[in-house]
**Q** 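To start, I am sharing the structure in question, which I have written as structure tokens.
All figures in this text were calculated on a predicted structure; none of them were measured in a lab. Note that these values count all heavy atoms, side chains included, but never hydrogens, waters or copies made by symmetry. Protein chains get the first letters and strands the later ones, always in sequence-line order, with residue 1 at the start of each.
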Protein chains: 2
Amino acid sequence: MSLVDLEAFVAVAEEGAVGRAARRLHVSQPPLSRRIAGLEAELGQPLFRRTARGMELLDAGHELLGRAKEILSRVEDARSALRAHSSIPGRAPPGLRHAKRGRADEVDEGD
Amino acid sequence: MSLVDLEAFVAVAEEGAVGRAARRLHVSQPPLSRRIAGLEAELGQPLFRRTARGMELLDAGHELLGRAKEILSRVEDARSALRAHSSIPGRAPPGLRHAKRGRADEVDEGD
DNA sequence: CGCGGGCCATACCGAATGGGTATTGGACGA
DNA sequence: TCGTCCAATACCCATTCGGTATGGCCCGCG
């Protein structure tokens with residue numbers, strides 16, 4: 001269970017369909033579908049019921065949804081806290097992230 | 001910032017040295033060292049000060065430490081809640097995780 | 001003062017992860 | 001029955017990631 005898994009899960013839960021969630025997350029449907037399946041496998045139980053027109057949250061899924069959102073928001077908090085806390089000792093304006101061994105530095109554009 | 005990053009960070013913070021943390025996490029030192037460096041790069045600021053005998057938490061590091069532990073514990077909670085909640089609709093005893101596309105199913109032995 | 005042992009960082013390589021395209025199969029509505 | 005929307009699978013390639021080997025630094029001890 002990684003944070004990416006949780007984001008994927010939340011997106012699918014909220015969109016009610018892998019395809020739509022995939023568009024929302026800017027990935028294609030199959031990887032996302034696999035990710036959900038992998039998450040369910042890891043947890044040892046299904047989170048969704050596959051219907052003809054999408055994915056419907058199961059009980060376990062509901063249980064997870066709240067917690068997942070909670071966790072993701074804490075992560076966001078941590079990120080911004082760190083940003084705020086930014087370099088009280090030795091600052092360095094963002095923009096130069098000197099990531100030696102690639103770390104994509106992704107930007108979230110709001111389309 | 002992934003959960004693995006956070007675990008790594010916490011381990012290093014608590015052990016005070018990458019090498020010891022690496023042993024604790026059952027990985028070798030270089031990947032862990034890289035992971036910390038990557039995390040710092042991603043956050044845009046150092047979390048540790050490298051001294052001759054280990055890693056010393058910086059302010060930003062302290063800030064992160066609490067939050068990281070909090071997040072990790074929530075994740076654990078989610079896991080056990082899911083386990084408890086286990087398959088009220090359609091059970092399936094653990095042991096068969098049918099993970100199609102490898103998901104290592106790691107077991108944490110307590111050495 | 002040189003040697004040994006602790007530490008972290010880098011270089012390099014091979015295995016595993018992960019995303020993308022193409023495709024299949026089921027369910028529904030026109 | 002056909003067209004559409006859905007998720008799952010098969011396959012392939014790029015990227016990520018961990019391990020080994022190595023280097024450089026700093027300290028304490030003989």
**Q** What is the separation between atom CD on E7(A) and atom P on dG19(C), rounded to the nearest whole Å?
**A**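 Answer to the nearest Å: 12 Å.
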**Q** Whole Å only: how far is the CD atom of E15(B) from the P atom of dG6(C)?
**A**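 Going from CD in E15(B) over to P in dG6(C) covers 16 Å.
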**Q** Do R24(A) and E7(A) meet the salt-bridge criterion of a basic N to acidic O distance under 4.0 Å?
**A**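 No, E7(A) and R24(A) are not salt-bridged.
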**Q** Give the intermediate values and the outcome of salt bridge (Lys or Arg N to Asp or Glu O under 4.0 Å) for residues E14(B) and K69(B).
**A** CA-CA 11 Å; E14(B) 289 182 349; K69(B) 290 210 241 181; 3.3 Å; yes
**Q** Whole angstroms only, please: what is the CG-P distance between L3(B) and dC17(D)?
**A**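 About 13 Å, once rounded to whole Å.
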**Q** Would you say the side chain of I36(A) lies within less than 4.5 Å of the side chain of L47(A), judging by non-hydrogen atoms?
**A**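 No, their side chains stay 4.5 Å or more apart.
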**Q** Quick one: are R79(A) and M1(B) in side-chain contact, heavy atoms under 4.5 Å?
**A**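 Answer yes - side chains close enough.
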**Q** If I take atom CZ in residue F48(B) and atom P in nucleotide dC7(C), what distance separates them, rounded to the nearest angstrom?
**A**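 One finds 15 Å between P of dC7(C) and CZ of F48(B), rounded.
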**Q** E56(B) CD to dC7(C) P: how many Å, rounded?
**A**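 Going from CD in E56(B) over to P in dC7(C) covers 15 Å.
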**Q** Check the distance between dG20(C)'s C1' and R35(A)'s CZ and give it to me in whole angstrom.
**A**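 Computing the R35(A):CZ to dG20(C):C1' distance gives 14 Å.
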**Q** Please report, rounded to the nearest Å, how far the P atom of dC8(C) is from the CG atom of L39(B).
**A**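 The answer, rounded to whole Å, is 16 Å.
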**Q** Is there a side-chain contact between V18(B) and F48(B) in this structure, where contact means two heavy atoms from C-beta onward sitting under 4.5 Å apart?
**A**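 Side-chain contact under 4.5 Å: no.
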**Q** Name the pairs: protein N/O against N/O of nucleotides 5-7 of chain D, kept only if under 3.5 Å.
**A**
from: dC6(D); atom 1: OP1; to: R20(A); atom 2: NH1; distance (Å): 3.0
from: dA7(D); atom 1: OP1; to: V18(A); atom 2: N; distance (Å): 2.3
from: dA7(D); atom 1: OP2; to: G19(A); atom 2: N; distance (Å): 3.0

**Q** Would you indicate, yes or no, if dG19(D) has its OP1 or OP2 atom less than 4.0 angstrom from a side-chain nitrogen or oxygen of S28(B)?
**A**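 Looking at the OP1 and OP2 atoms of dG19(D), one of them is under 4.0 Å from a side-chain N or O of S28(B).
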**Q** Would you kindly give the CD1-to-C1' distance between I36(B) and dC8(C), to the nearest whole Å?
**A**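 In whole Å, dC8(C) C1' lies 12 Å from I36(B) CD1.
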**Q** Let's test your reading of the model: under 3.5 Å, does the base of dG18(D) pair with the side chain of R34(B) as donor and acceptor?
**A**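 Such a pair exists between side chain and base.
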**Q** Treating S28(A) as the side-chain partner and P30(A) as the backbone partner, does any N or O pair qualify as donor plus acceptor under 3.5 Å?
**A**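 The answer is no, because no donor-acceptor pair under 3.5 Å joins these two groups.
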